[in-house]
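Notes follow once the structure below has been shown.
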There are 2 protein chains.
Amino acid sequence: MEQNIYGRPYVQTTDGPRFRPCAPHSVLARLGDKWTILVMSHLAVADGYRLRFSGLKNGIEGITQRMLTLTLRNLERDGLVKRYYYPEVPPRVEYELTEMGASMLPALEGFTSWIRENWPRIEECRKAFDEAAA
Amino acid sequence: MEQNIYGRPYVQTTDGPRFRPCAPHSVLARLGDKWTILVMSHLAVADGYRLRFSGLKNGIEGITQRMLTLTLRNLERDGLVKRYYYPEVPPRVEYELTEMGASMLPALEGFTSWIRENWPRIEECRKAFDEAAA
DNA sequence: CCGAATCCCCAAAGATACTG
DNA sequence: CAGTATCTTTGGGGATTCGG
């Protein structure tokens, strides 16, 4: 019999709950990759949640054309971003957060604000841990 | 001059804000790795936020000894989990969420609850996108 | 301007075997 | 029981080139 704890499916065993890898992970894994959060953040603060490809590229230090394309494809696939193609010369492509994409922002902000508050402490811990290891 | 949007440092340019890879990413990257969320979730529902190594291992389907060790080391290094070693025979080791680790749970829950609500829609979008690609 | 195609590298992660 | 030590595989991600 399957239940949920913290949105995570598990089966109850004699030893306690047993979790399995599951759906939420595939979303967190995406957000955890190298560029996704930066792209989302950038769209989040843009007019109409919308920017063209080159705007994103210029706005994110160090990202390559290839990685930006891949990141946007994945976001588009998940329905978080919509792609608008204008067949002009030279071509113009814009990306906009979908309604679902925008609806994620508060949760994202909740998380990043926790990180912001705790980051100094985390850095201290890492430093202490690394020193103790030596 | 450097400011913050959504907890993310950026510099203002003539083209608009320009973000740089930054601290919060290193935390999200950790959470996005394969096992971290499962370990955190498991501790989150345990008595006293505390479990022994074997309890975690049995509670997480598919995790290997090696990966559990690595995941716990990283969490310990960040100060999110504390390790208690009891030199008995056979040895016993317990892991407990620290205060900081526990303080992350609401933000985590906020995020996973967004995912839970939107997951069906995301799956639809992925399916539609993949079919359109063919 | 946007992005697909190729090639390459390295770190994450799995399998397995061994130890205090 | 709770790890380490090795070896191997996988795939994320960078650099570069070409094309519509």
Side-chain angles (χ1 to χ4, degrees), chain A residues 15-16 20-21 25-39 42-43 50-78 81-96 129 132-133, chain B residues 15-16 20-21 25-39 42-43 50-78 81-96 129-130 132-134:
Chain A
D15 301 343
R20 285 177 306 108
H25 173 261
S26 84
V27 177
L28 278 163
R30 170 104 315 127
L31 290 168
D33 74 13
K34 191 161 182 184
W35 302 107
T36 299
I37 296 280
L38 285 165
V39 170
H42 217 281
L43 288 170
R50 186 170 181 136
L51 284 171
R52 61 185 296 180
F53 185 88
S54 53
L56 283 164
K57 177 147 178 23
N58 293 329
I60 300 173
E61 196 164 300
I63 197 167
T64 61
Q65 224 172 34
R66 173 185 145 79
M67 289 316 296
L68 179 54
T69 301
L70 288 176
T71 303
L72 287 166
R73 276 306 155 279
N74 283 325
L75 287 171
E76 192 191 357
R77 177 169 182 263
D78 286 358
V81 154
K82 182 154 168 45
R83 178 178 189 266
Y84 296 90
Y85 173 69
Y86 301 95
E88 310 161 354
V89 275
R92 176 166 56 98
V93 181
E94 296 182 355
Y95 292 89
E96 187 182 305
F129 185 91
Chain B
D15 300 343
R20 285 176 307 108
H25 174 261
S26 86
V27 178
L28 277 164
R30 171 104 312 129
L31 289 169
D33 74 12
K34 193 158 181 187
W35 303 107
T36 298
I37 295 280
L38 285 164
V39 170
H42 217 282
L43 288 170
R50 188 172 179 132
L51 284 170
R52 60 185 297 181
F53 186 88
S54 54
L56 282 164
K57 177 146 178 24
N58 293 328
I60 300 173
E61 195 165 301
I63 197 167
T64 61
Q65 227 171 34
R66 172 185 147 79
M67 289 316 297
L68 180 55
T69 300
L70 288 176
T71 303
L72 287 166
R73 279 303 158 279
N74 283 326
L75 287 171
E76 191 190 358
R77 177 168 182 263
D78 286 357
V81 154
K82 183 154 166 44
R83 177 178 189 269
Y84 297 91
Y85 174 68
Y86 303 95
E88 311 162 353
V89 274
R92 176 166 56 100
V93 181
E94 297 182 352
Y95 291 90
E96 186 182 306
F129 185 90
D130 292 345

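Chain letters run A, B, ... following the sequence lines, proteins first and then strands; every chain starts at 1.
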Whole angstroms only, please: what is the [atom1]-[atom2] distance between [X] and [N]?
X: Leu72(A); N: dG3(C); atom1: CG; atom2: P; result: 8 Å
X: Gln65(A); N: dC1(C); atom1: CD; atom2: C1'; result: 8 Å
X: Tyr95(A); N: dC1(C); atom1: OH; atom2: C1'; result: 11 Å
X: Ile60(B); N: dG14(C); atom1: CD1; atom2: P; result: 12 Å

Original post:
In residues 84-92 of chain B, which ones come under 4.0 Å of DNA chain C, going by heavy atoms?
Top reply: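 Pro91(B) - these, ordered by number, are the residues of the stretch whose heavy atoms sit under 4.0 Å from the strand.
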**OP:** Apply salt bridge (Lys or Arg N to Asp or Glu O under 4.0 Å) to Arg52(A) and list each qualifying residue two or more places apart in sequence or on a separate chain.
**Re:**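 Result, salt bridge (Lys or Arg N to Asp or Glu O under 4.0 Å) vs Arg52(A): none returned.
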**OP:** Quick one: pull up NZ in Lys57(B) and CG in Leu51(B) and give me the separation to the nearest 0.5 Å.
**Re:** 14.5 Å
Subject >> Interatomic distance, Asn74(A) atom CG to Leu70(A) atom CG [nearest 0.5 angstrom] >> reply: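 If I round to the nearest 0.5 Å, the distance is 7.0 Å.
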**OP:** Output yes when at least one side-chain N/O atom of Thr69(A) is less than 4.0 Å from OP1 or OP2 of dA4(C), else no.
**Re:**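 Result: no.
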Sort me out a list of protein N/O and nucleotides 10-13 of chain C N/O pairs below 3.5 Å, or just none if empty.
residue : atom : partner  : partner atom : Å
dA13(C) : OP1  : Lys34(B) : N            : 3.3
dA13(C) : N7   : Arg66(B) : NH2          : 3.2

May I have the list of side-chain donor-acceptor pairs in residues 83-91 of chain A shorter than 3.5 Å, sequence neighbours left out?
residue  : atom : partner  : partner atom : Å
Arg83(A) : NE   : Tyr95(A) : OH           : 3.3
Tyr86(A) : OH   : Arg50(A) : NH2          : 2.6
Glu88(A) : OE1  : Arg92(A) : NE           : 3.4
Glu88(A) : OE2  : Arg92(A) : NE           : 3.4
Glu88(A) : OE2  : Arg92(A) : NH2          : 2.8

**OP:** On DNA chain D, reading 5' to 3', which nucleotide is the first and which the last to sit with an atom under 4.0 Å from a heavy atom of chain B, could you check?
**Re:** dC1(D) to dT6(D)
Original post:
Can you name the side chain to side chain contact (heavy atoms under 4.5 Å, CB included) partners of Asp33(B), sequence neighbours left out?
Top reply: Arg30(B), Thr36(B)
